[in-house]
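To start, the structure under review is shown below, and the notes come after it.
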Number of protein chains: 2
Amino acid sequence: MKKKRPTLQDVADLVGVTKMTVSRFIRNPEQVSDALRDKIQTALDELGYIPNRAPDILSKSKSHAIGVLLPSLTNQVFAEVIRGIEAVLEPEGYQTMLAHFGYSQELEEQRIATLLSYNVDALILSESQHTPKAQKMLENAGVPVIEIMDSTSKSPLHVIGIDNCSAAREMTQTMIDHGHRNIVYFAARMDERTLQKVEGYKQAMAANGLTSVVKETHSASSFTLGAKFLEEVLSEHPDTDGIFCTNDDLAIGALYACQKKGLQVPEQIGIAGFHGHDIARAMVPLLATVVTPREEMGRLAAKALLKGLQGESIKKQVIELPYQIECGESIKAL
Amino acid sequence: MKKKRPTLQDVADLVGVTKMTVSRFIRNPEQVSDALRDKIQTALDELGYIPNRAPDILSKSKSHAIGVLLPSLTNQVFAEVIRGIEAVLEPEGYQTMLAHFGYSQELEEQRIATLLSYNVDALILSESQHTPKAQKMLENAGVPVIEIMDSTSKSPLHVIGIDNCSAAREMTQTMIDHGHRNIVYFAARMDERTLQKVEGYKQAMAANGLTSVVKETHSASSFTLGAKFLEEVLSEHPDTDGIFCTNDDLAIGALYACQKKGLQVPEQIGIAGFHGHDIARAMVPLLATVVTPREEMGRLAAKALLKGLQGESIKKQVIELPYQIECGESIKAL
DNA sequence: TTTTGTATTGTTAACGGTAACATTACCACA
DNA sequence: TGTGGTAATGTTACCGTTAACAATACAAAA
């Protein structure tokens, strides 16, 4: 019953030629005589031939697939990065193979091995820290690799990202400029980029002689976590008049919690997020946020890889993309 | 310079055995003598050997990868489906290959061909309509295929989904029960499932002697589209006192637009969404919505495929999952 | 010592395309 | 009639791993 799928040989047998002729017809019909063309096409249709990349991958070690390794697939932040990557790769005929590692280095190592075992032609990573084994694999794989998200990464790879620390510092300073004083930072995941944002926040607070307070958890950020943090902060630090969140989800969750409690935003408490998702820029009040060029980041990374695939060797290079501080309505007016 | 990656042969040469011995060591170290084990491991580490699945895929036509075909990757709805699928497949050692086709049948055909050309072991689809060529490929591929999202699909495949029509009908009826009368439907994309929801909405309106009004577009839904639709509806149908949206994004966008205009929700206008995203269930006011079991759907689909992969033939079967009408605060209290 | 068994390693072939080279057929032209 | 050229098709080998089978070595049993 499990009729296995037809091969070129099956098609060739049906027509009465060798599979080489069928192969030629598929890739370049001109090379085949008029008499055969129709017959071969008919046979292909009749058998429902499906191309098979495995032999080509085996003999040329080229899969025409690009591996993309992200911490999380469900996080909106990365959705936009993916969109950017695909916008560039797809027209070039490359398939994107997505994998995620849930912010764990060990899982990342496994995922790198998996993607490479499928002979991806190139890799896009989103962390600078890898296990030694992962590093060795990346070196040995002989494929272009690029890292995204963090322009301050110490990675030896070609890097495209933003300066999270300075972005957080600027946003914090903006909140301070707007009159907020007791600003608390809401963190989650505690990955490298979050730590950098915390650092930027602390720098700005210290520079203004203010005291830093960081709420943190290793679990994922969510609307409900933002709400939970807000409740806690209000009882632990009743004089809090500002919240800066490591991403928009937390900020929006916190904002809703304020609305439920009848707290005025921004009058009583200012709230800012990070990344500038659609919703942040549509909601009422407009959320103050750091708009990051996520799609652009993906697009540039993909373009760089394409160059690498066309032979140009990818030189170690750091491209820092600009972010944008959006004041919104959720922090006080100047 | 482009040192290509080490093969089993390279490792074997280094140790002074045949690649077969190395292959055995990798898959089952017990089969190799004590004396060799260390040597082989050392050689593997030294060369940074990366397994290569291509030969295996070629000879066994098994890639240990599952293809998942979705209309859109960035849509939150599918993010949860993916999470469910991976939650089941990953522990079993299967890699998920995601592809999206932007709601186009032609693109879907291409994506099916691509995924099959990589020898995916099974496929999860999310549409019931395919091009004839795509259908033929699916038949010939000889891999388990399952369809998700729509339990009323006429597809000949094994189907796991919900009844969109009845869900929309129920939600509309709920809004009517709560006192809303001039309810307008906000649609987007106009794919099969949206059409079914529109149908359900119309049924409920008709059953109550009310007039249906549908705002529609072929473009993607978004917060801004919801806001735009609301503006238009208010001028075209000033007596509108209810909005039912094909998904939460539109609903939230419409709700924000109401807040901006100072319209009272739900007193002056009731708003309901579809799918029950996190944010809908955290926001103020709580959004009335149809909560759909998206993660569960993915999980069940993956489980069914696993069974199919373990030899049990997948019998054509329709599994209808329950949805849940959540009244929220964005429609009037009873 | 010879036989038998077992543990370990080696050898061969196969998977399905395609590059590279070989062959065939047919026509034009000398 | 034979020669050369070209268009069309055929043949062979290869990519890296592993299943299946073969061979070897060495220890235990006869």
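Side chains are part of it too, since the values below use all heavy atoms of this structure and drop only hydrogens, waters and symmetry mates.
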Next item on the list: Measure from CG on A/Asp56 to C1' on C/dG16 and round the result to the nearest Å.
Entry: 10 Å

Checklist line | Partner set under side chain to side chain contact (heavy atoms under 4.5 Å, CB included) for B/Gln317, not counting sequence neighbours | finding: B/His158, B/Lys315, B/Ile319

Checklist line | Non-neighbouring partners of A/Glu320 that pass salt bridge (Lys or Arg N to Asp or Glu O under 4.0 Å), sequence neighbours left out | finding: none

Next item on the list: Please state whether the base of C/dG16 and the side chain of A/Lys19 form at least one donor-acceptor pair under 3.5 Å?
Entry: no

If you look only at distance, which donor and acceptor atoms sit under 3.5 Å apart when one is on a side chain in residues 94-102 of chain A and the other is two or more places apart or in another chain?
{"unit_1": "A/Thr96", "atom_1": "OG1", "unit_2": "A/Glu86", "atom_2": "OE2", "d": "2.7"}
{"unit_1": "A/His100", "atom_1": "NE2", "unit_2": "B/Glu86", "atom_2": "OE1", "d": "2.0"}

Margin query: Using only atom types and a distance under 3.5 Å, with no angle test, would you say the side chain of A/Arg5 pairs donor to acceptor with the backbone of A/Pro51?
Written below: yes

Next item on the list: Using ring-ring contact (aromatic ring centres under 6.0 Å, His included) as the criterion, list what pairs up with A/His130, not counting sequence neighbours.
Entry: none

Check: Atom CG of B/Leu58 and atom C1' of D/dC15: how far apart are they, to the nearest Å?
Finding: 9 Å

Next item on the list: Name all residues meeting the side chain to side chain contact (heavy atoms under 4.5 Å, CB included) criterion together with A/Ser33; count only those two or more places apart in sequence or in a different chain, and write none if there are none.
Entry: A/Ala35, A/Leu36

Notebook entry, point to check: Where along residues 7-18 of chain B does a heavy atom fall under 4.0 Å from DNA chain D?
Noted result: B/Thr7, B/Leu8

Note to self: Please determine whether a side-chain nitrogen or oxygen atom of A/Tyr49 lies at a distance below 4.0 Å from atom OP1 or OP2 of C/dG16.
What the structure shows: no

Margin query: Using a 4.0 Å cut-off on heavy atoms, which residues in residues 113-123 of chain A reach DNA chain D? List them by number, or say none.
Written below: none

Item checked: Strand contacts (DNA chain C) in residues 20-48 of chain A, 4.0 angstrom heavy-atom criterion -> A/Met20, A/Ser23, A/Arg24, A/Arg27

Item checked: salt bridge (Lys or Arg N to Asp or Glu O under 4.0 Å) against A/Arg37, all qualifying residues, sequence neighbours excluded -> A/Asp34

Next item on the list: Output yes when A/Asp191 and A/Arg193 qualify as a salt bridge under the 4.0 Å nitrogen-oxygen rule, no when they do not.
Entry: yes

Note to self: Quick check on the helix from C/dT1-D/dA30 to C/dA30-D/dT1: what's the angle between its two end axes, five base pairs per end, to the nearest 10°?
What the structure shows: 70°

Notebook entry, point to check: Considering residues at least two apart in sequence or located in another chain, which fulfil the salt bridge (Lys or Arg N to Asp or Glu O under 4.0 Å) criterion with A/Lys60?
Noted result: A/Asp56

Check: Rounded to the nearest Å, what distance is computed from the NZ atom of residue B/Lys60 to the C1' atom of nucleotide D/dA20?
Finding: 12 Å

Note to self: Tell me the closest heavy-atom pair linking B/Leu73 and A/Ile82, and the distance in Å.
What the structure shows: CD1-CG2, 4.3 Å

Item checked: Presence of salt bridge, A/Glu90 and B/Arg111, under 4.0 angstrom -> yes

Next item on the list: Using whole Å, report how far CZ of B/Arg53 lies from C1' of C/dC15.
Entry: 17 Å

Notebook entry, point to check: Taking the side chain from A/Asn140 and the backbone from A/Lys136, do they hold a donor-acceptor pair closer than 3.5 Å?
Noted result: yes

Next item on the list: Just jot down the side chain to side chain contact (heavy atoms under 4.5 Å, CB included) partners of A/Ser155, sequence neighbours excluded, or say none.
Entry: A/Ser128, A/Glu147, A/Ser153, A/Leu157, A/Val159

